[in-house]
Amino acid sequence: MIRLFLFKALFRLTWWVAPNRPRVNKIFQIYEEYVEAEEKYIDCQERQSFLDKHVRSRTETYEHLTCKRQREIFSKFMPPRIS
């Protein structure tokens, strides 16, 4: 953790001291994009683990009974929906 913090601090210091040239700016831009993608990946993994913990059970649907006539005929014999 300390190592990463020192790296980021020294990298920013280097950026501040480095000459303003397109090649140098491109390198720093690539690094910033990499760090941003890494942070988004961590956030995504945390969100996915949260969603995995809170999965709702699926409710029974009668989507295959598409028209009114089918629903009238077959819904009598279907088990009641659980709320």
Side-chain angles (χ1 to χ4, degrees):
M1 191 69 149
I2 296 286
R3 195 170 163 189
L4 181 63
F5 175 74
L6 286 175
F7 176 75
K8 286 184 176 183
L10 291 174
F11 192 81
R12 301 260 181 213
L13 178 67
T14 306
W15 189 358
W16 183 66
V17 175
N20 189 13
R21 293 196 177 137
R23 185 175 179 187
V24 174
N25 291 338
K26 177 110 174 134
I27 292 170
F28 288 114
Q29 182 182 7
I30 290 171
Y31 171 74
E32 281 185 335
E33 290 172 0
Y34 176 75
V35 169
E36 185 178 324
E38 208 171 78
E39 290 172 354
K40 284 183 180 181
Y41 178 76
I42 291 170
D43 290 342
C44 183
Q45 292 301 317
E46 290 173 1
R47 177 74 175 149
Q48 187 62 47
S49 67
F50 174 79
L51 291 174
D52 289 343
K53 289 177 187 174
H54 299 88
V55 174
R56 289 181 15 183
S57 59
R58 294 186 67 180
T59 57
E60 184 63 36
T61 60
Y62 302 129
E63 292 173 357
H64 56 280
L65 306 176
T66 55
C67 67
K68 184 178 179 183
R69 184 171 165 267
Q70 285 180 337
R71 287 193 297 273
E72 289 172 353
I73 295 171
F74 294 108
S75 62
K76 299 174 195 173
F77 306 108
M78 294 285 191
R81 293 184 69 171
I82 298 170
S83 61

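Counting begins at 1 with the first residue of the sequence.
Y34 is linked by a side-chain contact (heavy atoms from CB on, under 4.5 Å) to E38, counting only residues two or more places apart in sequence or in another chain. The side chain to side chain donor-acceptor pair (under 3.5 Å) search around E39 returns none, not counting sequence neighbours. The salt bridge (Lys or Arg N to Asp or Glu O under 4.0 Å) check on K40 picks up E36, with sequence neighbours excluded. Qualifying side chain to side chain donor-acceptor pair (under 3.5 Å) partners for D52, counting only residues two or more places apart in sequence or in other chains: Q48. With sequence neighbours excluded, the residues forming a side-chain contact (heavy atoms from CB on, under 4.5 Å) with E46 are I42, D43, listed by chain and number.
The stretch residues 7-28 participates, sequence neighbours left out, in these salt bridge (charged side-chain N to carboxylate O under 4.0 Å, His left out) pairs: R12-E32.
By the 4.5 Å side-chain criterion applied to Ile, Leu, Val, Met, Phe, Trp and Tyr, F50 is assigned to a cluster that also includes L51.
Atoms CZ and OH, on F7 and Y31 in that order, are 5.0 Å from each other to the nearest 0.5 Å.
Nearest heavy atom pair, residue A18 against residue V24, reads CB-CG1, 3.7 Å.
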